[in-house]
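Keep in mind that the numbers below use all heavy atoms, side chains included, and drop hydrogens, waters and symmetry copies. Computed from a predicted model, the values in this text were never measured in an experiment.
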Amino acid sequence: MTRRRTPRNSVIRLTTGNAARTLNHPFTRREPVLALDFGATSVLVTTSGPVTVEDLKFARQLAREAHRFARSMERSFYGLPDGHGVAA
């Protein structure tokens, strides 16, 4: 990840559980929307207009970091800090 240029003003912590889920909405006539639902709270990730190269770069970065997050969760769940035995 790149270094932040501005300091954080605040942090919102959304934890997973039974009500947490993710949904991709690939609309045909408008920009796609990724919904992150945490019970009564939803976070929608989309663009402010037609998809740009920067939007695509962000989406790929998001996917890469989500994959790393999943791998970290697997290692933590299975108690494997070095990742051996965790599916790729």
Side-chain angles (χ1 to χ4, degrees):
M1 290 186 71
T2 60
R3 176 174 268 207
R4 295 181 63 85
R5 294 183 182 170
T6 56
R8 288 186 176 99
N9 291 329
S10 61
V11 174
I12 299 171
R13 181 177 179 171
L14 301 168
T15 57
T16 61
N18 291 337
R21 64 186 181 146
T22 60
L23 296 166
N24 177 46
H25 300 283
F27 298 109
T28 57
R29 295 184 184 240
R30 58 176 270 203
E31 295 74 25
V33 175
L34 175 65
L36 309 174
D37 291 328
F38 301 91
T41 303
S42 290
V43 176
L44 303 179
V45 181
T46 190
T47 66
S48 60
V51 176
T52 65
V53 171
E54 290 80 19
D55 297 327
L56 182 56
K57 287 179 183 178
F58 176 80
R60 288 185 174 158
Q61 180 185 19
L62 178 64
R64 186 173 50 252
E65 294 303 318
H67 177 75
R68 289 178 179 163
F69 177 70
R71 293 289 309 264
S72 294
M73 291 291 248
E74 288 173 339
R75 286 192 290 270
S76 181
F77 180 77
Y78 293 112
L80 302 168
D82 58 3
H84 291 299
V86 178

- Message: Could you see if L14 belongs to whatever hydrophobic cluster contains V45? Use Ile, Leu, Val, Met, Phe, Trp, Tyr and a side-chain cutoff under 4.5 Å.
- Response: yes
- Message: So, taking the atom named CZ in F38 and the one named OG1 in T15, what distance separates them when rounded to the nearest 0.5 Å?
- Response: 8.0 Å
- Would one find more than 12 heavy atoms of other residues, nucleotides or ligands at under 6.0 Å from atom CZ of R21? no
- Path from L44 to F58 over hydrophobic side-chain contacts below 4.5 Å: no
- With rounding to the nearest 0.5 Å, note down the distance linking CZ in F69 to CG in L62. 12.0 Å
- Ignoring hydrogens and geometry, is there a side-chain-to-backbone donor-acceptor pair from T52 to D55 under 3.5 Å? yes
- Task: Please confirm whether the backbone N or O of S72 pairs with a side-chain atom of S76, one donor and one acceptor, at under 3.5 Å?
- Result: no
- Query: Hey, which of H25, R29, E31 is the one that makes side-chain contact (heavy atoms from CB on, under 4.5 Å) with F27?
  - Reply: H25
- Do the charged groups of K57 and E54 touch, with an N to O distance under 4.0 Å? no
- Query: Do the side chains of L36 and L23 join up, straight or via other hydrophobic residues, at under 4.5 Å, putting them in one cluster?
  - Reply: no
- Should P32 and V51 count as side-chain neighbours, where that means a heavy-atom distance under 4.5 Å? yes
